[in-house]
Each structure stands twice: as C-alpha cells, then as structure tokens.
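Source: prediction; values computed, not measured.
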Amino acid sequence: MTVWKAVSDRYELILVTWDSGRVGQQETERISTLIWGGLDAGGAGGSLAVSLPEACKLSDALASSLRAKLALQPGDADLAARLRQLRAQVERISDLVKQEPANVRNDALAKHHDLDRRLVDLTDRNKRGADIGGLIGPLDQDAAKVERDLIVGAATRKERAADVARARTVRSELEAQGTAVRALADKAVATVSPAPRLAVPDVTALGAVPNTPAELAKYLTRLDAVRRALGQAQAAYGAALQRRDELAQLLDAYLVKAASVAPGNEDLAELYRRGRAVIETEPVELARLGALVAAYQAYLEGTK
C-alpha cells in the first residue's frame, strides 16, 4: 500500500503541474523531476529510493506475487493473458539484468535464464492442452520476487552513487573552507591579542571517499563533524577581528562627537592618541584598546 499511495500522490502532483497542458519550461522541468525523482513515503516518513516508473514496475511485481499467494484459479483465457504478462515481465527482468554490475550479473543472469526456461516450458505445455494451473502460480511468484529484488538493488546502487557524489562535493567544499579559515586564523593570531586558540581541522586527513555503504556512512558523519568544527573556528577568529574593528570605529566616532561637545580637550586628545597607537601596533591588545575606548566614552559623557 505504501508503494501504491506514493505513486498515487505523485500522479496527482504531475496532474496539477501539467494543468491541462498549460506548461512552460519550468513546469516541464518540474514534471521531469516528479517522474524521475524519489517518491515520498507519505505518512511513513522519508522517501522511497525509487522513481515513478520503477515504483510502477515494483507495484506490478508485488501484485503478481500477491496473486500467486492467493492461489487464484484462472480459466483458459486468463492463463493465456497471464502467460503474456509473464513474458513481458521476464523481458523487463532481462533489461534489469543488463544494468547489474559485473560482480553480481552472473547470478542475475542465472535467475533470468531459469525463469525464461520455465516460461517457455509452460507456454509449450499450454499449447499442447496440458493443465498448467498449478505451475503458473509459483513461476509468477518467483518472477515477481526477482524483478522486485533487481529494482530495489538498482535503486539502492543509485542512492549509494548519489551519496558518494555528495560526499565528494562536501569534501571539496570543506577543503576550500578549511584553507580560508586557516588564513583567517593566521590573520587573527598576527593582528589581535589575545587571539582564539582553536584547531582548524584538515578534511584531507579523512582520506579518499569510500564506496562501501558502512564506510560511506561513517565518512559522511566525519565530514559533518569537520563542517561544525570549521564553523566554530571561523566564528571565533572572525569575532576577534570584528571586535578590533568595532573598537576602532567607536574610537573614531567618539572623536567626531568630541569635536562638537569638547573641542580642544587635551585629555580626550591624549586618550585618542593612545588608542590609535594601540590600533596601529600589531598584534592589537584588545583588552587595552577596550579600556581606552571605555575611558574616552566615560570622559566624554562627563563633559556634558
């Protein structure tokens, strides 16, 4: 029911987007995404790792399996129709087998050949007038299972390939971000005191992106940890530099205010001179600069 509901919901979305043919380039691309993107699992949460065409095939396979389990007794016309359906299903399985990777293709080929042999045998028996009612059910069920497994396997490989591509993209982004954060850290250490002392992780230390599911999951977790650590380091070193800039701007702003409130005040002029001297001497002592700016503000407020 989950597969059927997901297909039904996606069909409704496509109909709404199609809008009786009133579509443009964006709507066409959206419909393509709806057809070939992963289906939503609805109330089950998450998404199914299959596209709409794959889900339709999977639904047919599940229906065939259910029909075989119910052991429905078909008539002669139904037998001929089911044989035609089985032939179409075996041909679909043949197409799926061609997409299998080399390391598992032989096993899939063997299963396909067995299904094809059994179907040819049943077709010949039916032509001779033999009773195949008790044989078509098991074949129907086996074919449905093979097709289902091949569809799920292909979808899983596609999802895994997407995860590998995502990991490589994130790794490249974090490598560039790490270079920038290290430059920011070097600048902060050289220009302000005290500067934060946070380690800047190097994503290249994680090594190459793995291909196996278990290792890939661990790798993605580590990438996320590197991302968080880089964000913390960037925020800390950036805040130190920002604090220096804020204090320098405050000192200049108070100077402008002093020109109208207390023009020619020598004490304020001396405080400003000391503040500028601290700013122009690297690394800038943030505590001393903050104290001078606070003293300048306090003196200025007292002259009102």
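One finds the CG atom of D202 at 5.0 Å from the CZ atom of R182 (value rounded to the nearest 0.5 Å). Atom-to-atom distance recorded for Q99:CD and I151:CD1 is 10.0 Å, nearest 0.5 angstrom. Here CZ of R288 is found 11.5 Å from CD1 of I279. Values are rounded to the nearest 0.5 Å. Rounded to the nearest 0.5 Å, atoms CZ (R244) and CG (L289) are 10.0 Å apart. Note that CG of L223 and OH of Y219 are 5.0 Å apart. Values are rounded to the nearest 0.5 Å. The line from CZ of R82 to CG of L122 is 10.5 Å long, rounded to the nearest 0.5 Å.
In this structure the side chain of K218 never reaches within 4.5 angstrom of the side chain of T221, judged on heavy atoms. A heavy-atom distance below 4.5 Å is not found between the side chains of L86 and T123. Between L109 and N106 the shortest side-chain heavy-atom distance falls below 4.5 Å. Residues P201 and L230 are in side-chain contact: their nearest non-hydrogen atoms beyond the backbone lie under 4.5 Å apart. Considering only heavy atoms from C-beta on, L216 stays 4.5 Å or farther from T212 through its side chain. In this structure, the side chains of L119 and Q89 stay at 4.5 Å or more apart for every pair of heavy atoms. Within the 4.5 Å cutoff, no side-chain heavy atoms of E246 are placed close to those of L250. Side-chain contact check for E91 versus R87: some heavy-atom pair is nearer than 4.5 Å.
Surrounding CD of E280 are more than 12 heavy atoms belonging to other residues, nucleotides or ligands, all under 6.0 Å away. For R276, the CZ atom counts as densely surrounded, since its 6.0 Å shell holds more than 12 non-hydrogen atoms of other residues, nucleotides or ligands.
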Verdict with reasoning, D224 to R227, per salt bridge (Lys or Arg N to Asp or Glu O under 4.0 Å): CA-CA 5 Å; D224 188 60; R227 178 188 59 77; 2.5 Å; yes
Derivation of the side chain to side chain contact (heavy atoms under 4.5 Å, CB included) call for R171 and L206: CA-CA 9 Å; R171 185 182 187 277; L206 298 181; 5.6 Å; no
Criterion side chain to side chain contact (heavy atoms under 4.5 Å, CB included) on E147 and V90, from CA distance to verdict: CA-CA 8 Å; E147 185 177 22; V90 170; over 6 Å; no
Residues L241, L184; criterion side chain to side chain contact (heavy atoms under 4.5 Å, CB included); working and verdict: CA-CA 9 Å; L241 292 173; L184 180 67; 3.5 Å; yes
Verdict with supporting geometry, E100 and R157, side chain to side chain contact (heavy atoms under 4.5 Å, CB included): CA-CA 10 Å; E100 288 291 285; R157 287 193 301 274; 2.7 Å; yes
Evaluation steps, salt bridge (Lys or Arg N to Asp or Glu O under 4.0 Å), between K145 and D140: CA-CA 9 Å; K145 181 179 184 303; D140 206 349; over 6 Å; no
Verdict with reasoning, R160 to D163, per salt bridge (Lys or Arg N to Asp or Glu O under 4.0 Å): CA-CA 5 Å; R160 188 183 306 161; D163 285 342; over 6 Å; no
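When all heavy atoms are compared, the tightest approach of A277 to T281 is O-OG1, 2.8 Å. Minimum heavy-atom separation, V189 to A195: CA-CB, 3.8 Å. Residues L198 and A233 approach most closely at CD1-CA, 4.0 Å, considering heavy atoms. The minimum heavy-atom distance between R118 and D142, with the atom names listed, is NH1-OD2, 2.8 Å. Heavy atoms only, all atoms of each residue included: V209 and A167 are closest at CG1-CB, 3.8 Å. S94 and H112 make their closest contact through CB-NE2, 3.4 Å (heavy atoms, listed as atom of the first residue, atom of the second, distance).
Looking at R168, its side chain never comes within 3.5 Å of a backbone N or O of A208 through a donor-acceptor pair. The backbone N or O of L286 sits nowhere less than 3.5 Å from a side-chain atom of R243 that would complete a donor-acceptor pair. A distance-only check finds a donor-acceptor pair linking the side chain of Y237 to the backbone of P196 [under 3.5 Å].
Both V261 and Y299 are members of a single hydrophobic cluster when ILVMFWY side chains are connected at heavy-atom separations under 4.5 Å. If you chain together hydrophobic residues whose side chains sit under 4.5 Å apart, L135 and V120 never meet in one group.
Looking at E29 and Q25, their side chains do bring a donor and an acceptor atom within 3.5 Å of each other.
Remark: D107 engages K111 in a salt bridge, criterion side-chain N to carboxylate O under 4.0 Å.
Ring planes of Y254 and Y296: parallel class, angle under 30° (limits at 30 and 60°).
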